[in-house]
Amino acid sequence: MKNLVIVESPAKAKTIEGFLGKDFVVKSSFGHIRDLNKKQLGVDINKDFLPDYEIPADKTKVVADLRKAAKEAETVWLASDEDREGEAISWHLAEALNLDITKTRRIVFHEITKQAITKAIESPRIIDINLVNAQQARRVLDRLVGYELSPVLWRKVKPSLSAGRVQSVAVRLVVDREEEIREFKVISWYRVIGKFFVNNDKGEGILIGELSRRFTNAEETVAFLESLKSASYHVSSVEKKPGKKSPAPPFTTSTLQQEAARKLGYPVARTMTLAQQLYEAGYITYMRTDSVNLSDTAITSVKNEIITNWGAHYSQVRHFTTKTKGAQEAHEAIRPTYLNQQTAGSDDGQRKLYDLIWKRTIASQMADAELERTNITIGISTTKKEEFIARGEVIKFDGFLKVYAESTDDDLSEDTEGLLPPVTKGEALKPGEITATQKFSQQPSRYTEASLVKKLEELGIGRPSTYAPIISTIQKREYVEKGERPGTTRQFDVITLLNGKTDFKIKTEKVGVDKGKLFPTDIGSLVNQYLVTNFPDIVDYQFTATVEKDFDEIAEGRLVWNKMISSFYAPFHKTVDKAIASTEKVKGERDLGIDPDTGKRICVKLARFGPIVQLGETENESGEKPRFAGLRKGQSMETITLNDALDLLKFPRLIGRYQDDDITAAIGRFGPYLLHQKKFYSLPAAIDPLTVTEAKAIEIMLAKQEKDRLSVIRTFDEDENVIIKNGRFGPYIAFGKANVPIPKKTDPATLSLEDCRQLSEAYLAVKGKSRTSKTAAPKKEPAVKKKAAPKAAADSTSVKKTTRATTTTEAKPKAKKASAGKAKPKTSAKKPKKA
DNA sequence: CAGTGAGCGAGCTTCCGCTTGACTT
C-alpha cells in the first residue's frame, strides 16, 4: 500500500476512495480517537495543565486498525475537517499512530469532488499546532468547568447533577424566560377597525381600515365611537409602493432543525436522525454544518433545475455568506446531492424532510418575489386628528415564493392583507360596522427545542454536532421538560357602531395555552439560581463568546494556550473552593403561610425525592413530626400557593366504603390513585381526587377489575402464581412478579403449566445474564446479584481487547453504559441489608 | 408502580465535540 488517507466519516471515505485510484486506501477515524481520561480530572493542574489523553474503549478497534494500515503505508495523509476540532483529530492521529511528522501530510478540501481532492493532494501542509492548541484549550477549559462545577452541585443540591459551559447557559435561557413570563405585566388597548363600502364606476368592494389611534380605556373608546355617529368618510389618499422579498439561504443544521420543527413538527433529535439516514443513503450533503455556502457545481445544477421547471426569469444565482462568527467553510450547506431528484427517502419522515431541503435549496437560487403595497387613508369628516388606514399587499411576481416560504416562530397573522378595491382620491365611502376590540400585549413565548437552538447559535454557544445532544441533555438531567399549560380564559370588550347605534359586549377568549414548549423544572430553577449567584461569570451569556476570542488568539499564535487556561483557572478554582466552604445546602425553601386549622407553618422545599410541602417544623419541643406531601405534576415550587398546599395535605382522604372496607384516595409518584383492599386503582386525569365520589370510585374499581379479568387467557389450579395474560404487547406469562413474553408462533391458550415454567425460567436466565435487570433478579440475595452482573459483562468484553504497548494509556472497556446508567436507582434496594 | 421527606458516610455521579452503530422498547 502506497498511500493511506484518513478522513473523519466513513461515508466520506467511501466517496473519496472512488476518486483516488489504486494507490490510495481511504479509512475513517469516526471522529475523535482520543479524549481526556474520563475517570479523573484528566488535566494535571501542577504541570501547566498537561492533558492526560487516552483512547476510549469504543475507539480501540478503530485505532488498532488504523495503526496497522499506517504501518503498511508509505505516506499517510490526514484529511480531517478544516477546523479546530479537525486539526486536533489529525494531531491525535499522528500521536496515536506514531507517525513521523516529516512524512505525514495534512490536507483539506472544501468539497467532495475529484477535482478538489486531487488539488488538495497536490498541496499538502503540516499540522497547524496553533490550531491544535486552541482545541486543547477549548477541551481543557470545558473539562475544568464541568468537572469542578458538577461536584459542587452534588454537595450542595443533589447527587449526579451536572453543569457545564454550554448546558448551564441553555438551562439559564429557559429559566430566565419563565421568569420574564411570570413578571410580565399585561397592558391592554382598544383597536378600532372600520368597514367601508366602495361603489364607483369600477365596481363594488369593501375596504377594511384600522384607526390611526389606539385608545387606552373603554370610556375614551365609547366617546370616540359616539362622535362618529354623524360622520361621513372619504378617500383622502392612495399610495402605492413596490416591495420585494428575498429567499432565505440554504439550510444549516440549526435552520433545518427550526424549519423542520415549525413546518413538520419534528423534535430536533428526529430531524437529525432522518437527516443522517438521508445522508447515508447519499441523498443529501452532510447534515452537521454551519455553512450556507453552496458549491459551484451545486449552484449550476440548481439553476438548471429552476430553468427547466419554471423558466429563466425565475432563476437568480446567489452566493450566501455565513454570518455565524467562527464558522468554517469546511462544509457546504445542507442540500440535495442531486438537485434533479425531487423526492427521496424510504419512509414518510425522510421524504418530508428531503422535500423541505430540496425546496429550500431551490428557492435560495430563485428570483425575488415582487410585491405592490397599497395604503389607502380614509378621512373622517368629524375629526382631523384621526383617520382610518387600509393596507393591501399584492404579489406581482411570485419568484421564490412559488416553491418555498420560510416560517416564523410567532405566527401573528391576524389580518390577511390582500387585494384592495380600486378607489380614487376624494371618493366618498359608506361606512359599515366600526368595531373597537380590546387587545392585550402578549407575554414572551417559551422556547421550543428549535427556538432554543436558534438562540444558542446566536450566542455562539454549541456547535452543529452538539445542538441536538444539548437539548436532550438538559431534559435528561431533568433541568427542563417539555410541558403544557392549559391556559386561562380572559374577558375582553367589544364595542361596535352600526347604523348610528353603539353596542357594548363582553366576550371571553382562551389565552396562554402552551404545548410542547420547554419549561424549567424545580431542580433546573434551583441549580440555575445557585450557579447565577455563585458562578456568575461561567453562566454569563457572553462567557463562550469571550473565551472564543482567546481561542482565536491561540489559533493565530498570539497567545499560549496553557497561559490562557491558567489565568482562567486561578480565579475560577478559588470561587469553587469558596462556594464549597461558604454556601449552605440548597433547598429552595419558601414559606407559604399558616395552616388555618393547626396554626402551624406551611412551606415548600426540595427534599430527597423531589419538591414537597411541609406542615409544621422538622424539629420542635413536643417531638411532633411534620406532615409532608409531594407536589403534583405541573405544580412548581415557585408558583405553588397556600391553597394548593392545603389541598395536597388533605391526602390520603376517605372516599367511602365498599365490601366493608375503606376506599381512600391518595397521590403517589405516578399520580392520584384509589386504594381498596390493598389494591391500587389509578385515577384518570379527568377525575379530581379531591372531589371524587364513592359511586364514581366504585365504578372505576369495577371497570379495572373487569379489564383485568378480560385480559386473563388462562389460569392453573395447581399454581396460582402462573397466569397467561393478554397485554399491550401481546400475550405473556405473569410468572410471579415477572412478565415473560410468549413467542409469536405459539398459541398461548395451548401452553401447559410446565411449558410456562420452562419458558419463564429460560427467559429469566437469559435476561439476568444480559443486563442488570430490576425485574428479572429474584428478590433473594439482591446484593450478590446486582454486583455480579456488571462484572460478568465487563469480563466478557475485555477478552476481546487487544493489548498493546503504547505511549498513551488505553481505557479498559467497561460494562456497557446501558446497564450502568439507565436504571434509576431504587432507593429501597440501596439500603444495605444486614444478614 | 403507588415508601419516603433523616442519615452513618461506601462508592458513584460530571464536561464538550467529533463520528457511527449497538442497544432496548
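In what follows, every chain begins at residue 1, and chains take the letters A, B, ... in the order their sequences are listed. Note: hydrogens, waters and symmetry copies are ignored here, and every other heavy atom, side chains too, is used.
- Minimum atom distance to the side chain of A:Phe628 is reached by B:dA6, of the listed B:dA6, B:dA2, B:dT19.
- For A:Tyr286, the side-chain atoms get nearest to B:dT20 when compared with the rest of B:dC15, B:dT20, B:dG17.
- Here A:Leu675 lies out of heavy-atom contact (under 4.0 Å) with every strand.
- Distance from the side chain of A:Ser150 is smallest to B:dT14 among B:dG5, B:dG3, B:dT14.
- In this structure, A:Gln167 reaches the sugar-phosphate backbone alone: every heavy-atom distance under 4.0 Å involves primed, P, OP1 or OP2 atoms, never a base.
- Phosphate proximity of B:dC18 to A:Ser29: absent, as no side-chain N or O sits under 4.0 Å from OP1 or OP2.
- A:Arg627 comes within contact range of no nucleotide atom at all, as no heavy-atom separation falls under 4.0 Å.
- For the pair A:Arg143 and A:Tyr147, the cation sits on the ring face: its NZ or CZ lies under 6.0 Å from the ring centre, inside 45° of the axis.
- At a threshold of 4.0 angstrom between heavy atoms, the contacts of A:Asp58 with the nucleic acid are absent.
- As judged by a 4.0 angstrom heavy-atom cut-off over every strand, A:Gly462 is placed among residues touching the sugar-phosphate backbone only.
- Comparing B:dT14, B:dT20, B:dG17 by their nearest atom to the side chain of A:Ser162 picks out B:dT14.
- A:Val166 comes within contact range of the sugar-phosphate backbone alone, with a heavy-atom separation under 4.0 Å but no base atom that close.
- Below the 3.5 angstrom threshold, one finds no donor paired with an acceptor across the side chain of A:Arg288 and the base of B:dC18.
- Note: A:Phe543 and A:Phe568 have tilted aromatic rings, judged against thresholds of 30 and 60 degrees for the angle between ring planes.
- Base contact: A:Gly31 has a heavy atom under 4.0 Å from a base atom.
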For a salt bridge (charged side-chain N to carboxylate O under 4.0 Å, His left out) check, start with the C-alpha distance between A:Asp661 and A:Lys679, then their side-chain angles and the critical distance, and finish with the verdict. CA-CA 12 Å; A:Asp661 278 301; A:Lys679 288 208 165 123; over 6 Å; no

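- In this structure, the CD atom of A:Gln135 is 9 Å from the P atom of B:dC18, given to the nearest Å.
- For the side-chain hydrogen bond (donor to acceptor under 3.5 Å, both in side chains) with A:Glu85, the lone residue among A:Arg138, A:Arg139, A:Arg463 that qualifies is A:Arg138.
- Taking the nucleotide of DNA chain B with the nearest heavy atom to each of A:Ser682 and A:Trp154, the more 5' of the two is matched to A:Ser682.
- Using a 4.0 Å heavy-atom criterion, one finds that A:Pro469 contacts no nucleic acid atom at all.
- Rounding to whole angstrom units, NZ of residue A:Lys39 and P of B:dG11 are separated by 14 Å.
- The distance between atom CG of A:Leu66 and atom P of B:dC18, rounded to the nearest whole Å, is 20 Å.
- Relative to the six-membered ring of A:Trp91, A:Arg34 meets both conditions, a distance below 6.0 Å and an angle of at most 45° to the axis.
- Within the structure, a side-chain polar atom (N or O) of A:Arg477 is placed less than 4.0 Å from OP1 or OP2 of B:dC15.
- In this structure, CG of A:Leu149 is placed 10 Å from P of B:dC16, rounded to the nearest angstrom.
- Side-chain contact check for A:Glu148 and A:Tyr569: at least one donor-acceptor pair (N or O, by modelled atom type) lies under 3.5 Å.
- For the C1' atoms, the distance from B:dG9 to B:dT13 is 16 Å, rounded to whole Å.
- Under a 3.5 Å cut-off, the side chain of A:Arg477 and the backbone N or O of A:Leu161 do not form any donor-acceptor pair.
- Using a 4.0 Å heavy-atom distance criterion, A:Arg165 is classed as a sugar-phosphate-only contact.
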Show your working on ring pair (Phe, Tyr, Trp, His ring centres under 6.0 Å) between A:Tyr673 and A:Tyr681 and close with a plain yes or no. CA-CA 5 Å; A:Tyr673 64 96; A:Tyr681 303 88; 9.8 Å; no

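- Judged by closest nucleotide on DNA chain B, A:Pro159 is the one of A:Pro159 and A:Ile89 placed further toward the 5' end.
- The base of B:dC18 lies outside donor-acceptor range of the side chain of A:Arg463, with no N or O pair under 3.5 Å.
- Rounding to whole angstrom units, CD of residue A:Glu478 and C1' of B:dT14 are separated by 16 Å.
- A:Tyr673 has a side-chain polar atom (N or O) that falls below the 4.0 Å cut-off from OP1 or OP2 of B:dG3.
- Applying the side-chain contact (heavy atoms from CB on, under 4.5 Å) rule to A:Ile107 yields the partners A:Trp77, A:Ala79, A:Phe109, A:Ala120, A:Ile121, A:Pro124; only residues at least two apart in sequence or on another chain are considered.
- Stacking between A:Phe30 and the base of B:dT19 is absent under the criterion of ring centres within 5.5 Å and planes under 30 degrees.
- Distance, A:Gln40 CD to B:dC15 P: 17 Å, rounded to whole Å.
- For A:Phe680, the side-chain atoms get nearest to B:dA2 when compared with the rest of B:dG5, B:dA2, B:dT14.
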Reading DNA chain B 5' to 3', what string of ( ), [ ], | and . shows its pairs, if Watson-Crick and G-U wobble pairs count only when both distances fall under 3.5 Å? .........................

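- When distances are taken from the side chain of A:Ser465 to each of B:dG5, B:dC18, B:dC15, the shortest belongs to B:dC18.
- The side chain of A:Lys38 lies closest to B:dC15, out of B:dG17, B:dT20, B:dC15.
- Atom CG of A:Asp591 and atom CD1 of A:Ile602 lie 10.0 Å apart (nearest 0.5 Å).
- In this structure, A:Ala163 reaches the sugar-phosphate backbone alone: every heavy-atom distance under 4.0 Å involves primed, P, OP1 or OP2 atoms, never a base.
- Protein atom NZ of A:Lys587 is 13 Å distant from nucleotide atom P of B:dG5, rounded to whole Å.
- Proximity of A:Gln614 to the phosphate of B:dG5: no side-chain N or O atom is located under 4.0 Å from OP1 or OP2.
- The distance between atom CZ of A:Phe551 and atom C1' of B:dG17, rounded to the nearest whole Å, is 12 Å.
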